[in-house]
Amino acid sequence: MKTVVRIGALYNASALVVFVTPGLMPALGVPLPSPFWVWLPGLLSLFYAIVLWLSAADLRRYGSFPFYSGIIRLVFAALTFTLDFPGTAGRITALLGAIDLVLGLACVVGIPRASGRTPLQLLTNRGAD
């Protein structure tokens with residue numbers, strides 16, 4: 001499970017590269033309204049990547065972070081297809097939604113097993129003692 005969490009971290013770190021590489025977002029079909037909307041999600045992706053990478057070192061203690069990450073990924077995947085993000089933000093978002101669906105399911109199912117904590121304990125950050 002640590003490997004899956006680290007793959008998720010690297011996936012998020014790659015978002016920083018995509019966001020801040022000049023011309024890459026428009027090349028992927030994603031319109032850019034201003035530099036603010038490039039750097040804000042890019043830096044948030046970097047923070048998210050750091051938290052996941054560090055969490056993977058001790059899933060018993062820090063499993064709540066990747067568990068919540070899995071839930072957020074599942075919500076993003078659901079929103080991607082119900083709100084037609086590919087139609088409004090570029091077709092690349094369909095691929096992102098599919099990847100997040102797989103990573104999200106892996107975390108929501110796998111983190112409780114790997115951490116020895118129930119989903120409720122992970123949601124409330126209890127039982128790591």
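What you see below is based on every heavy atom in this structure, not just the backbone, and it leaves out hydrogens, waters and symmetry mates.
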(message) I'd like to check the side-chain contact (heavy atoms from CB on, under 4.5 Å) partners of N125; sequence neighbours left out, ordered by chain and number.
(response) S64, R117

(message) Starting from L123, can I reach M1 by hopping between I/L/V/M/F/W/Y residues whose side chains sit under 4.5 Å apart?
(response) yes

(message) Grouping I, L, V, M, F, W and Y whenever their side-chain heavy atoms are under 4.5 Å apart, do V18 and L44 come out in a common cluster?
(response) no

(message) Show the nearest heavy-atom pair for residues N12 and A49, with the distance to one decimal.
(response) CB-CB, 4.0 Å

(request) Taking all heavy atoms of V5 and all of A56, pick out the closest pair and write down the distance. (result) CG1-CB, 3.8 Å

Extract all donor-acceptor atom pairs below 3.5 Å that involve side chains of residues 31-41 and protein atoms in other chains or at least two apart in sequence.
| residue | atom | partner | partner atom | Å |
| --- | --- | --- | --- | --- |
| S34 | OG | F36 | N | 3.4 |

(request) Give every residue pair that meets the salt bridge (Lys or Arg N to Asp or Glu O under 4.0 Å) criterion with at least one member in residues 52-66, sequence neighbours excluded. (result) none

(request) Name all pairs fulfilling the salt bridge (Lys or Arg N to Asp or Glu O under 4.0 Å) condition that reach into residues 30-43, sequence neighbours left out, sorted by first residue then second. (result) none

(message) Would you say V30 ends up clustered with L24 if hydrophobic residues are merged whenever their side chains have heavy atoms under 4.5 Å apart, either directly or through other cluster members?
(response) yes

For residues 89-111, please give each side-chain donor-acceptor pair under 3.5 Å, one per line with the distance, not counting sequence neighbours.
| residue | atom | partner | partner atom | Å |
| --- | --- | --- | --- | --- |
| T93 | OG1 | F85 | O | 3.4 |
| T93 | OG1 | G90 | O | 2.7 |
| D100 | OD1 | R73 | NH1 | 2.7 |

(request) Output the distance between atom CD1 (I50) and atom CG (L46), rounded to the nearest 0.5 Å. (result) 4.0 Å

(request) Could you list who else is in F65's hydrophobic cluster, with ILVMFWY side chains joined at under 4.5 Å, directly or through other members? (result) F47, V51, Y62

(request) Using the salt bridge (Lys or Arg N to Asp or Glu O under 4.0 Å) rule, collect all pairs that involve residues 1-29, keeping only residues at least two apart or in two chains. (result) none

(request) Give the minimum heavy-atom separation between L122 and G63, together with the two atoms involved. (result) CD2-C, 3.6 Å

(request) Kindly give the cluster partners of L10, where membership spreads through any ILVMFWY side chain lying under 4.5 Å from a current member. (result) W53

(request) Any pair with a residue in residues 107-116 that passes side chain to side chain donor-acceptor pair (under 3.5 Å), sequence neighbours left out, goes on the list, sorted by first then second residue, please. (result) none

(request) Just jot down the side-chain contact (heavy atoms from CB on, under 4.5 Å) partners of S14, sequence neighbours excluded, or say none. (result) Y11

(message) Run the side-chain hydrogen bond (donor to acceptor under 3.5 Å, both in side chains) test against Y48 and tell me which residues pass, sequence neighbours left out.
(response) S69

